[in-house]
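Accompanying notes for the structure given below.
All chains are named by letter (A, B, ...) in the order of the sequence lines, taking the proteins before the strands, and each is independently numbered beginning at 1.
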Amino acid sequence: MGTGDLFAEFDQGIMPLAEGGVILRGFALDEVTGLFADILDIASRSPFRHMTTPGGYRMSVAITNCGDYGWITDRRGYRYEAIDPATSKSWPAMPSSFLALAQRAADMAGFPDFWPTCCLVNRYEPGAKLSLHQDKDEADFAAPIVSVSLGLPATFLFGGARRNDKARRFPLNSGDVAVWGGASRLHFHGVDTLAGGTDSLTGPYRFNLTFRKVR
DNA sequence: TAGTAGCA
DNA sequence: GGTT
């Protein structure tokens, strides 16, 4: 038996993330091709763009959205909007494949009846990162967060309820799905600087789908 | 403070 | 050089 076989058993499974949080390794593996096609379709109507934080800095992660609401940031702050400010039109509808995946993952993690009204689509290129933050612009903290990884690998940072709580590091690969809610719903989290590389499906990018119930 | 930079 |  070679080393690869020893690690193969860890390709799938449930990794504890925090109280109320798990990483479902490989949960979406057989869907990544279709999900990527849906992302390209969304981006053809609401293009990826680099938004500005309230402090006036450009985010290294490019974003777009689909669903009833989209998360945006500009010099005025963070918020959800039903209209894409770049197109002055509604965000693209959430594909049924997205909704079904998010619901299955939430259910698996112990959050039945999850009905996300927003899917934030993040695009990372090598060098891009997302510093520690809380998802707290939603009206309903009872609903969990579901986060799907596609393409290049990354390191997920997951901390505690306070910004200064030490964050733990978790490898995230294409097809992995992280779900957190309950006691960890408002915990600080982020993504470490993306390393270079080429993915057979997405090329020089990592994509992340983040499902939230905004209202 | 979903940001960067500098210092111990 | 990585970490706090």
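A straight line from CZ of A/Arg58 to P of B/dT4 spans 10 Å, rounded to a whole angstrom. Rounded to an integer number of Å, the gap from CG of A/Leu132 to C1' of B/dT1 is 10 Å.
Residue contacts shown for A/Arg79 are absent, as no nucleic acid heavy atom lies under 4.0 Å away. Looking at heavy-atom distances under 4.0 Å, A/Asp137 makes contact with a base. Residue-level contact check: A/Lys129 touches the backbone only, with heavy atoms under 4.0 Å from sugar-phosphate atoms and none from bases. Using a 4.0 Å heavy-atom distance criterion, A/Thr53 is classed as a sugar-phosphate-only contact.
Taking a cutoff of 4.0 Å between a charged side-chain nitrogen and a carboxylate oxygen, A/Asp192 and A/Lys129 do not qualify as a salt bridge.
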Under-3.5 Å N/O pairs linking protein and nucleotides 1-4 of chain C:
residue, atom, partner, partner atom, Å
C/dT4, OP1, A/Lys166, NZ, 2.5

Using nucleotides 5-8 of chain B, report all nitrogen or oxygen pairs with the protein that are shorter than 3.5 Å.
none

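When the salt bridge (Lys or Arg N to Asp or Glu O under 4.0 Å) test is applied to A/Arg123, no partner is found at least two apart in sequence or on another chain. Partners of A/Glu31 according to the salt bridge (Lys or Arg N to Asp or Glu O under 4.0 Å) rule, which considers only residues two or more places apart in sequence or in another chain, are A/Arg104. Residues passing the salt bridge (Lys or Arg N to Asp or Glu O under 4.0 Å) test with A/Arg49 are A/Asp84, sequence neighbours excluded. Every salt bridge (Lys or Arg N to Asp or Glu O under 4.0 Å) that A/Glu81 has, sequence neighbours left out, goes to A/Arg79. The ring pair (Phe, Tyr, Trp, His ring centres under 6.0 Å) check on A/Trp91 picks up nothing, with sequence neighbours excluded.
Side-chain heavy-atom separations under 4.5 angstrom define the hydrophobic clusters, and A/Tyr57 shares its cluster with no other residue. Residue A/Ile83 shares its hydrophobic cluster (ILVMFWY side chains chained together at separations under 4.5 Å) with no other residue.
When the P atom is compared between B/dT1 and B/dA5, the two are found 13 Å apart, to the nearest whole Å.
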